[in-house]
Number of protein chains: 2
Amino acid sequence: MKETVTVKTLAKELNISIATVSKALNDSYEISLETKQKVWDLAKKLKYQRNPSASNLRSHKTKTIAVIIPEIANNFFSLAINGIEEIARKRDYHVLIYQTHENSEIEIAFTDSLLSGRVDGILISVSSNTNNNDHFKELVKKIPVVFFDRVFEDIDAVKITTDDYDSAYNATRHLIEGGCKKIAYLFALNNLVTGKNRFAGYKKALEEYGMVYTDAMVVNYDKDISKNYENIKAMVSSEKPDAIISSIEDLALPCYYVARELNLNIPRDLKIISFSNLNTAPLLNPSLTTIEQPAFEIGKEAADILFKILDKKYFEPNGNHILKSSLIKRESTS
Amino acid sequence: MKETVTVKTLAKELNISIATVSKALNDSYEISLETKQKVWDLAKKLKYQRNPSASNLRSHKTKTIAVIIPEIANNFFSLAINGIEEIARKRDYHVLIYQTHENSEIEIAFTDSLLSGRVDGILISVSSNTNNNDHFKELVKKIPVVFFDRVFEDIDAVKITTDDYDSAYNATRHLIEGGCKKIAYLFALNNLVTGKNRFAGYKKALEEYGMVYTDAMVVNYDKDISKNYENIKAMVSSEKPDAIISSIEDLALPCYYVARELNLNIPRDLKIISFSNLNTAPLLNPSLTTIEQPAFEIGKEAADILFKILDKKYFEPNGNHILKSSLIKRESTS
DNA sequence: TTTATTTACGAATACGTTTAAGTGAATAGC
DNA sequence: GCTATTCACTTAAACGTATTCGTAAATAAA
């Protein structure tokens with residue numbers, strides 16, 4: 001059993017006090033360069049590693065942030081985490097991952113548990129079936145939090161989103177200008193601004209062209225994934241839309257299967273456009289027109305701002321940062 | 001500023017000692033049920049949260065595991081993390097994520113830094129350009145580690161892999177039986193058993209059918225992604241294979257682009273098969289035949305075993321667990 | 001030269017928990 | 001009735017670090 005090397009070890013070896021060692025390791029101005037160098041050299045030689053628990057306990061800094069997301073096996077979120085991790089890495093921070101699986105209760109359990117001082121800050125993308133934001137309101141009072149992509153309106157925290165309204169609006173216009181007369185909508189994130197804005201953009205475009213939608217043309221996301229397929233199929237069968245806008249990626253692929261099942265040709269009989277970060281979008285049959293969110297940049301931005309808050313260099317508690325998505329036109333709408 | 005509630009708070013309030021509170025919270029047999037109940041009730045009422053740092057410092061248990069992977073924005077790895085997270089959740093463990101981006105030095109930095117007692121155990125899928133495994137050999141002596149999917153041969157630790165040899169063998173046979181005469185191979189993970197086994201399976205199948213491969217038909221993975229496309233294109237142009245086996249997902253899509261660029265029809269002119277967990281594989285143009293690894297299960301299994309080791313209920317330091325992949329035949333090879 | 005300030009370090013304490021060892025009272029064994 | 005054991009709890013000491021306060025020596029200011 002190896003002896004673990006602590007400040008004590010170094011102190012004893014160098015015949016100086018523990019305090020001096022600790023200060024030297026933290027590059028304190030109180031310590032002479034000469035002594036610091038001796039400490040650093042020995043620390044390196046003995047492979048000294050600062051004990052994080054002890055350090056945290058004393059300093060109340062954990063060098064750790066938490067990321068709470070609905071699902072990791074999702075292109076958007078894994079890219080976002082990628083961005084977050086990149087920023088965290090630069091600052092030698094550690095990243096804890098928590099998946100809610102779109103379950104609000106799990107989400108609450110996570111946020112509660114993170115109040116114990118395990119992390120310095122939290123990045124959250126809200127679960128789709130979270131209706132009540134009381135726990136978030138409490139949370140943001142106690143610990144720095146940045147919301148990204150899936151956000152609530154009335155929370156006192158920084159939010160990073162994309163131009164949901166504009167991109168949905170543009171997508172709808174793209175369809176209308178392509179000759180579509182009846183555009184169905186796959187609605188998700190109903191209770192979040194994110195979802196509301198997308199839907200509003202869709203409605204606005206319809207309105208501008210004197211078109212209407214009926215409730216029958218709107219399919220709501222069901223967390224039971226198999227039902228989504230059925231619901232879309234039922235809607236397409238009865239309503240016979242000539243286009244579909246999907247407000248989340250998860251609903252795009254079911255559309256392809258439905259079209260196949262109903263013998264509808266995409267894009268001739270049915271045009272499809274979806275919010276999506278699928279890297280196979282260009283290779284699908286037919287290739288899929290997407291509203292691509294800058295997922296990686298969202299993650300970076302969110303992390304960046306969280307760190308600014310931790311550094312106390314950010315003073316806009318309600319900042320709303322909006323990044324631009326891009327509409328990438330492909331065969332499914334041509 | 002709210003007072004943080006500690007064991008001290010509870011002790012004072014209930015007029016009992018700190019030790020009693022601590023033991024009650026840990027459900028120790030030394031404490032009467034009556035007292036425990038009082039402690040639990042008050043803890044709940046005051047929303048007491050055990051301070052993780054203090055607890056770790058004293059008990060040397062962090063309730064945290066680390067996952068080191070090459071890339072999170074990858075179907076296989078995000079599914080694996082999903083499985084890991086599921087198991088961790090059940091045991092109230094926290095999951096730290098580290099991405100190496102296939103960089104061996106970053107990998108070493110991570111493993112070194114995890115020796116400070118920040119985590120109880122580590123799950124690793126080795127970076128593709130890691131040639132030297134000395135740091136792993138040292139690592140496994142000091143902390144429980146389970147390797148998954150991308151593993152080294154001669155490390156004294158548990159390994160979770162898939163039947164790489166068999167699945168590559170079967171995939172190759174599938175192509176041969178489909179009439180292919182010249183099967184190219186996209187080689188990755190050359191320095192890991194994982195990659196070696198896949199290549200060996202390919203070679204064995206060729207051999208059985210009296211076929212040969214030349215070095216010119218083998219393209220090695222380049223970490224500069226843009227080069228892969230060029231390399232594959234060059235190989236296909238000069239060698240004119242009638243099929244390609246890609247040993248990792250990242251090399252499959254470039255094949256599609258190359259075929260498109262060279263005006264080759266898949267599968268007529270060029271059949272393609274790839275190790276892959278793409279959920280859009282059935283929707284590609286044409287749909288892609290895949291060797292699908294049970295990514296989620298691999299993650300679960302790896303985490304499961306790590307916890308067994310932590311519980312000291314696992315006694316097979318060299319256990320090699322092999323899960324089965326499935327060959328899913330689609331249009332790209334028909 | 002005398003006083004004030006700076007420099008470089010050490011002693012001691014606190015962070016919040018866990019745990020080994022100890023204690024008095026109640027119960028059991030004979 | 002006396003000793004041995006069990007029960008329920010307390011005391012006190014860690015775990016390894018960061019930090020406040022203090023201090024002796026060296027330097028600067030007067």
Side-chain angles (χ1 to χ4, degrees), chain A residues 1-40 42-43 46-64 92 113-120, chain B residues 1-40 42-43 46-64 92 113-120:
Chain A
M1 205 62 190
K2 277 275 195 62
E3 299 294 321
T4 85
V5 23
T6 72
V7 280
K8 207 171 177 176
T9 320
L10 303 183
K12 202 169 288 174
E13 186 87 8
L14 293 173
N15 258 318
I16 56 181
S17 78
I18 288 178
T20 303
V21 173
S22 175
K23 287 175 187 169
L25 290 171
N26 288 317
D27 202 10
S28 160
Y29 67 94
E30 289 181 71
I31 307 300
S32 71
L33 187 59
E34 193 189 5
T35 307
K36 280 182 191 171
Q37 201 59 57
K38 280 195 291 187
V39 172
W40 294 338
L42 186 64
L46 301 186
K47 292 186 182 161
Y48 165 79
Q49 303 242 86
R50 176 198 260 96
N51 179 305
S53 304
S55 182
N56 300 347
L57 177 59
R58 187 59 234 256
S59 68
H60 298 291
K61 305 268 169 210
T62 65
K63 291 222 130 203
T64 306
D92 265 313
S113 85
L114 288 173
L115 256 27
S116 63
R118 185 177 289 274
V119 298
D120 294 345
Chain B
M1 207 60 189
K2 277 274 196 65
E3 300 294 322
T4 84
V5 22
T6 72
V7 281
K8 207 170 177 176
T9 321
L10 303 182
K12 202 169 285 174
E13 185 86 8
L14 294 172
N15 256 318
I16 55 180
S17 78
I18 288 178
T20 306
V21 172
S22 175
K23 286 176 185 170
L25 290 171
N26 288 318
D27 202 10
S28 160
Y29 68 94
E30 290 182 72
I31 307 299
S32 71
L33 185 59
E34 194 188 6
T35 307
K36 279 181 191 172
Q37 199 61 57
K38 281 196 290 187
V39 174
W40 294 339
L42 186 65
L46 301 185
K47 292 186 181 159
Y48 165 79
Q49 304 241 88
R50 168 193 275 112
N51 179 305
S53 304
S55 181
N56 300 348
L57 178 57
R58 187 58 236 253
S59 67
H60 298 292
K61 305 267 167 207
T62 65
K63 292 223 127 202
T64 305
D92 266 312
S113 86
L114 288 173
L115 256 26
S116 63
R118 185 177 288 274
V119 299
D120 294 344

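Hydrogens, waters and symmetry mates are skipped; everything else that's a heavy atom, side chains included, is used. A, B, ... follow the sequence lines: proteins, then strands. Residue 1 opens every chain.
- A:D27 has a carboxylate O that lies under 4.0 Å from a charged side-chain N of A:K36, or vice versa, which qualifies the two as a salt bridge.
- Judged by distance alone, the side chain of B:S22 and the main-chain N or O of B:I18 form no donor-acceptor pair under 3.5 Å.
- The nearest whole Å value for the distance from the CG atom in B:L33 to the C1' atom in D:dC9 is 15 Å.
- Among the protein residues, A:L25 comes within range of no part of the nucleic acid, since none of its heavy atoms lies under 4.0 Å from any strand.
- Here the C1' atom of nucleotide D:dA8 and the CG atom of B:D27 are 15 Å apart, to the nearest Å.
- The nucleotide whose nearest atom lies closest to any side-chain atom of A:E30 is, among D:dT17, C:dG10, C:dC9, C:dC9.
- Residue B:S59 has its side chain nearest to C:dT18 when only C:dT18, D:dT10, D:dG16 are considered.
- For the pair B:T35 and B:K23, the minimum side-chain heavy-atom distance is 4.5 Å or more.
- Close to C:dT18, at under 4.0 Å from its OP1 or OP2, lies a side-chain N or O of B:R50.
- Between the CG atom of B:N51 and the C1' atom of C:dG16 there is a distance of 6 Å, given to the nearest Å.
- Annotation: side chain of A:Y48 is not in contact with side chain of A:L42 (no heavy-atom distance under 4.5 Å).
- If you check every strand for non-hydrogen atoms under 4.0 Å, B:T35 touches sugar and phosphate atoms only.
- Between B:S22 and C:dT18 there is a side-chain polar atom (N or O) within less than 4.0 angstrom of OP1 or OP2.
- Relative to the side chain of B:A19, the nucleotides D:dG16, D:dC21, D:dT11 differ in distance, and D:dT11 lies closest.
- The CG-P distance, from A:L57 to D:dC15, rounds to 14 Å in whole Å.
- For C:dT19, the OP1/OP2 oxygens have no side-chain nitrogen or oxygen of B:Y29 closer than 4.0 Å.
- Counting to the nearest Å, the P atom of C:dT7 and the CD atom of A:E34 are 16 Å from each other.
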Step by step, would you call A:T62 with A:D120 a side chain to side chain donor-acceptor pair (under 3.5 Å)? CA-CA 6 Å; A:T62 65; A:D120 294 345; 2.8 Å; yes

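- Which of C:dT19, D:dA18, C:dC15 sits closest to the side chain of B:K23 comes down to C:dT19.
- Atom pair B:I18:CD1 and D:dA12:P shows a separation of 12 Å (rounding to whole Å applied).
- The shortest distance between the side-chain N/O atoms of A:S55 and the OP1/OP2 oxygens of D:dG16 is not below 4.0 Å.
- Residue order along DNA chain D, read from the 5' end via each residue's closest nucleotide, puts B:S17 first among A:R58 and B:S17.
- The phosphate of C:dC15 (OP1 or OP2) has no side-chain N or O of B:T6 nearer than 4.0 angstrom.
- Within 3.5 Å, no donor on the side chain of A:K61 pairs with an acceptor on the base of D:dT17, nor the reverse.
- Within the 4.0 Å cut-off from OP1 or OP2 of C:dT7, not a single side-chain nitrogen or oxygen of A:S32 is found.
- The shortest distance between the side-chain N/O atoms of B:N26 and the OP1/OP2 oxygens of C:dT18 is below 4.0 Å.
- Counting heavy atoms from C-beta on, the side chains of A:V39 and A:L14 come closer than 4.5 Å.
- Summarising the geometry, the separation between NZ on A:K36 and P on C:dA8 is reported as 9 Å, rounded to the nearest angstrom.
- Here the C1' atom of nucleotide C:dA8 and the CD atom of A:Q37 are 17 Å apart, to the nearest Å.
- Nearest nucleotide to the side chain of A:T20, out of C:dC9, C:dT18, D:dG16: C:dC9.
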